[in-house]
Amino acid sequence: MIDYLKADENYIKSHLDTQFMGKPLYIFDTVSSTFDKIAEFPRAEGLTVIARRQTNGRGRLGRNWASDDGGIYMSFNLTPSLSPKDASELTIPCALGVAKALESYGNCKIKWPNDIVLNGKKICGILSTMGITDGKTDYVCVGIGINTNQTEFIDLPNASSIRILTGNKCDENHIICKILENIEKEYISDKKAILEQYKKHCLTLGSVVTVHYCDGREDFSGECIDITDSGLLVVKNGDNTVYVSSGEVSVRGLYGYI
Ligand code: BTN
């Protein structure tokens with residue numbers, strides 16, 4: 001039974017306070033993935049697709065993203081004039097925007113690279129894809145899955161929802177507006193200032209992590225001592241300093257491999 005306020009296109013359109021994010025915005029009941037659905041539209045900056053369910057939700061490192069009723073699944077386009085390398089760093093302002101949008105629900109932090117953790121549990125994941133022509137970025141498509149009103153997670157011990165963690169159903173319209181507004185604010189801000197704030201929100205920084213490579217290289221543990229301007233995690237491994245890129249590892253810290 002659905003007993004919470006579900007995303008409503010008209011409500012969001014009349015309340016959203018942004019220049020370009022969510023303009024236009026389309027909401028669907030069920031899609032394979034919002035990444036597939038948004039590909040049917042022009043790659044215009046800010047164009048946003050939201051679904052109430054996905055049948056083939058995709059996560060980082062080739063994993064599935066559980067996409068049942070109760071969550072919000074969104075993708076939007078950004079069209080920055082950036083090289084593909086720089087454009088790949090856009091998940092930094094996006095993660096910061098989401099963390100700020102959700103901080104009224106509890107202790108909301110970022111687990112590097114872009115998991116959003118509320119009171120110690122993962123409630124949101126971010127993944128981006130990119131269109132490149134002749135070495136230039138045509139668009140970046142950011143996908144965000146937010147666990148809002150689910151009441152259980154089977155076989156996902158580190159996942160939770162805002163509803164489970166706060167004990168209250170949450171209003172999806174309010175959350176969608178907040179997220180789009182906060183992401184826009186961070187996206188147009190100064191890159192250096194964003195990174196400083198990202199670091200302040202990042203619970204991985206300063207903690208001991210285990211780095212698990214997906215390509216068979218040996219795992220190692222060490223203290224995370226910094227995050228570089230391009231978003232690499234800097235981990236002390238004995239006398240060595242290792243620069244870790246998000247595409248090739250999962251990082252286990254306090255909250256497991258989430
Ligand atoms: C992660 O693994 O943490 C990233 C998860 C990203 C999930 C979102 S849900 C909306 C968009 N569509 C998808 O298929 N995946 C992303």
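Predicted model only: the values in this text are computed from it and were never measured. Each ligand, and each atom within it, is numbered from 1 in the order the structure gives. Throughout, numbering of the chain's residues begins at 1 and tracks the sequence.
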Any protein N or O within less than 3.5 Å of an N or O in ligand 1? List each pair with its distance, or say none.
unit_1: ligand 1; atom_1: 2 (O); unit_2: Arg60; atom_2: N; d: 2.7
unit_1: ligand 1; atom_1: 3 (O); unit_2: Lys122; atom_2: NZ; d: 2.7
unit_1: ligand 1; atom_1: 12 (N); unit_2: Thr34; atom_2: OG1; d: 3.0
unit_1: ligand 1; atom_1: 12 (N); unit_2: Gln54; atom_2: OE1; d: 3.0
unit_1: ligand 1; atom_1: 14 (O); unit_2: Ser33; atom_2: OG; d: 2.8
unit_1: ligand 1; atom_1: 14 (O); unit_2: Arg58; atom_2: N; d: 2.7
unit_1: ligand 1; atom_1: 15 (N); unit_2: Arg58; atom_2: O; d: 2.7

Original post:
Of the non-hydrogen atoms in Gln19 and Glu184, which two are nearest, and what is the gap between them?
Top reply: N-OE2, 2.8 Å
Subject >> Nearest-0.5 Å distance, CG of residue Leu47 to CG of residue Asn77 >> reply: 5.5 Å
**OP:** Identify whether the distance between the nearest side-chain nitrogen and carboxylate oxygen of Glu172 and Arg52 falls below 4.0 Å.
**Re:** no
Original post:
Using the ring of each side chain (for Trp, its six-membered ring), is His15 parallel, tilted or perpendicular to Tyr11, with breaks at 30° and 60°?
Top reply: parallel
Subject >> Carboxylate-amine/guanidinium proximity below 4.0 Å for Lys178 and Asp171 >> reply: no
**OP:** Look at Asp134 together with Lys136 and state whether they make a salt bridge at an N to O cut-off of under 4.0 Å.
**Re:** no
